[in-house]
Amino acid sequence: PGQKQTHGFQAEVKQLLNLMIHSLYSNKEIFLRELVSNASDAADKLRFLALSDSSLYADDGELKVRISLDEANRTLTVSDNGIGMTEQEVISHLGTIAKSGTKEFFSQLSGDQSKDSKLIGQFGVGFYSAFIVADKVTVRTRKAGTEQAVEWESAGEGEYTLAPINKDSRGTDIILHLREGEDEFLSRWKVESIITKYSDHISIPVEMWQEGSPEREEDGEKIAATEGSWQAVNKATALWTRDKSEITEPEYQEFYKHISHDWSEPLSWSHNKVEGSSNYTSLLYVPKKAPFDMWNREAKHGLKLYVQRVFIMDDAEQFMPSYLRFIKGVLDSSDLPLNVSREILQDTKVTQSLRKGCTSRTLKMLDKLAKDPEQYQIFWNEFGQVLKEGPAEDFANKEQIAGLLRFASTNNEDATQNVSLADYVSRMKEGQEEIYYVVADSYQAAKHSPHLEVFRKKGIEVLLLSDRIDEWLIQHLPEFSDKKLRSVAKGGLDLSKLDDEETKKAQQETAEAFASVLERFKTALGDEVKEVKVSHRLTDSPACVVTDEHDMSTQMMKLMESVGQ
Ligand code: ADP
Ligand code: MG
């Protein structure tokens, strides 16, 4: 048997601990939600492994969480009989932050506490929140199916110790030695009310000890003494299995925090039970903030998958197309086998139909969100860039996705992307048949493009596209509601339908008058250009470069050059 060893926390853990304690001090009770959430995850993981190896239950198959309060020692303990951890798992889960890209992310912190606190929210709160109320945390854990248990202990200040111990039962005890002044967490009433507030939806019982009552007399009758017992203080039914009409908003919000490890409220959600040829329940959420690693290819995303209420896996990415990878939620299917693996999921008919269902639920949810422009703007600013991948990825839903897109426009004073294609179409001029856009490197460049002059003069709106993905998007979105999208920088632009007879005549005359000037330009520029034309598009600038209708745009050329083509 080994001895006690001392280990150092990963540098990022120290930073996280520090920021978290400061920014969560006014909402410290959430540590309990986090610890109960972990206990419930541990139960889920055990139940899943036990599907193929029921001996893991030993003779203790009733998974639960117990919270005990010890006034004399000033401790609060959260115990579970879930999966437990090996020593190696303790080291990697309770000493480091495992997310890819963490180091890069932390290197960007400014040192300004209030700013950094907001950023840190993207990490989820988790186990380390115990240190908000505790000046020492002891973790005693034994992994299911193993004999050796381990004790982890830390004051949250840079290091922790590890020692082998004996532990009778499988699972994990988290013992919080409460800080001076945190005695309220020794009150049964207080703790019970926190559980009800945050953890009612946890699907296993969260139990607290209920003292028995001594023998007493009432109206001359003897009432026998009762023994104390453990009693569940939560509802202990998986939230998504309950009836929609019986679930409150705060319950939906707390459940979101449990599954997403996010600490802010979701923007919106959609809860659906489907019965018939397909049988499943989905509960999908739109977060309020993008995770720091949304653009990291290795970042995990996807839904939490259950089969007949049994947890199967986290981050099941098969049920959402990539352009909706920011959606969080739970999918509970009755059509998949309990022994389903990631490999099997890849290509079953069931997966395809679930993916179709979840995609269409999500698009509907976004449609609904869009009815509240203020809320939708929050969504768009965070996730619009991702949604723009949609038309290229999801042909079947192209029109619906197109309806959800928002753009900057000459109709606005600033760069806000809030104009929908439907808005644009509703403002089209008499005789206008196409949707006009310009693509440039930046909003400023788009806004000041010389191509816009004639449009401005005629009072025609032009969409101003300057995000990296816009050129790609436009290629996959040739039209919207039967109106072609057309670049103002390409040839073949015919605005003559919008002109009156007199203008047309004047233009004709100008063209004739400039014939000889054009010849001189052509000779001078030679092979540099395809053609030189008199343009009626410009009002203030003397000349501009235009690409042919079917040629690559200048933006696309730059993009290709930048990737070495
Ligand atoms: P998260 O829950 O977001 O993964 P936490 O900081 O809450 O992050 O927990 C970190 C990890 O520690 C968990 O992912 C899990 O692997 C492990 N862990 C924490 N609490 C328990 C527990 N009660 N039983 C088993 N493993 C746990
Ligand atoms: Mg957690």
Side-chain angles (χ1 to χ4, degrees), residues 9-10 12-17 19-21 24 30-50 56 60 63-68 76-100 102 120-132 134 137-146 149-154 156 160 162 167 169-176 198-199 201-202 204 206 254-264 287 291-293 299-302 304 311 313-315 328:
F9 282 126
Q10 183 193 25
E12 290 79 25
V13 174
K14 280 190 254 175
Q15 268 174 293
L16 179 66
L17 267 169
L19 283 166
M20 193 158 59
I21 290 171
L24 286 174
I30 55 127
F31 78 88
L32 203 50
R33 168 186 85 198
E34 295 301 322
L35 298 183
V36 171
S37 172
N38 285 349
S40 154
D41 288 348
D44 272 350
K45 286 178 196 159
L46 177 63
R47 200 177 282 133
F48 173 67
L49 288 181
L56 287 174
D60 183 13
L63 302 179
K64 56 184 168 286
V65 190
R66 280 184 171 166
I67 298 176
S68 3
L76 181 157
T77 302
V78 179
S79 304
D80 67 66
N81 57 351
I83 184 79
M85 285 177 274
T86 63
E87 180 176 354
Q88 266 320 304
E89 285 167 339
V90 170
I91 292 174
S92 65
H93 298 324
L94 308 185
T96 63
I97 304 171
K99 268 188 164 182
S100 62
T102 302
I120 218 94
Q122 303 179 335
F123 271 87
V125 190
F127 167 77
Y128 300 112
S129 63
F131 289 101
I132 304 174
V137 176
T138 311
V139 178
R140 299 165 62 84
T141 184
R142 196 180 106 196
K143 177 106 175 186
T146 71
V150 60
E151 182 174 276
W152 178 103
E153 197 161 72
S154 175
Y160 61 90
L162 280 181
K167 186 174 183 295
S169 54
R170 153 200 92 220
T172 306
D173 301 335
I174 314 264
I175 304 155
L176 310 189
Y198 294 110
S199 308
H201 60 78
I202 293 289
I204 55 173
V206 179
E254 281 310 321
F255 186 69
Y256 166 76
K257 290 178 187 169
H258 168 59
I259 57 161
S260 68
H261 309 285
D262 187 352
W263 57 2
S264 45
F292 76 98
D293 54 1
K300 291 190 177 144
H301 58 91
K304 224 173 155 77
F311 168 77
M313 65 179 82
D314 280 311
D315 312 312
K328 307 271 186 185

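Just so you know, these numbers come straight off a predicted model, no measurement behind them. Atoms within each ligand, like the ligands themselves, are counted from 1 in listed order.
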Measuring from atom [atom1] of [X] to atom [atom2] of [Y], what distance do you get when rounded to the nearest 0.5 angstrom?
X    : Y    : atom1 : atom2 : value
N38  : K45  : CG    : NZ    : 7.5 Å
E89  : T141 : CD    : OG1   : 8.5 Å
F9   : I97  : CZ    : CD1   : 10.5 Å
L176 : L76  : CG    : CG    : 5.5 Å

Which residue and atom name correspond to the protein heavy atom nearest [atom], and how close is it?
atom                    : answer
atom 27 (C) of ligand 1 : M85 CE, 3.6 Å
atom 4 (O) of ligand 1  : H261 CE1, 4.5 Å
atom 25 (C) of ligand 1 : A42 CB, 3.8 Å
atom 11 (C) of ligand 1 : H93 CB, 3.6 Å
atom 14 (O) of ligand 1 : K45 NZ, 4.4 Å
atom 8 (O) of ligand 1  : G126 CA, 4.5 Å

What's the shortest heavy-atom distance between [X] and [Y], and which atoms?
X    : Y    : answer
F131 : S154 : CE2-O, 3.3 Å
T96  : Y128 : O-OH, 3.3 Å
S37  : H258 : OG-ND1, 2.7 Å

Restricting to N/O/S atoms, is S37 within less than 2.8 Å of the Mg ion (ligand 2) or not?
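No, S37 does not qualify, because none of its backbone or side-chain N, O or S atoms lies under 2.8 Å.
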Should one rank D41, N38, D80, T96 by closest heavy-atom distance to atom 23 (N) of ligand 1, which comes out on top?
D80
Are any of the N/O atoms on F127, whether in the backbone or the side chain, positioned under 3.5 angstrom from an N/O atom of ligand 1?
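Yes; the residue has a nitrogen or oxygen that sits under 3.5 Å from a nitrogen or oxygen of the ligand.
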So for L94 against ligand 1, with non-hydrogen atoms under 4.0 Å, the contacting part is side chain
Are the side chain of R170 and the backbone of D60 linked by a donor-acceptor contact shorter than 3.5 Å?
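Yes, because the side chain of R170 sits within donor-acceptor range (under 3.5 Å) of the backbone of D60.
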Sub-4.0 Å protein heavy atom next to atom 19 (C) of ligand 1
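Under the 4.0 Å cut-off, atom 19 (C) of ligand 1 does have protein heavy-atom neighbours.
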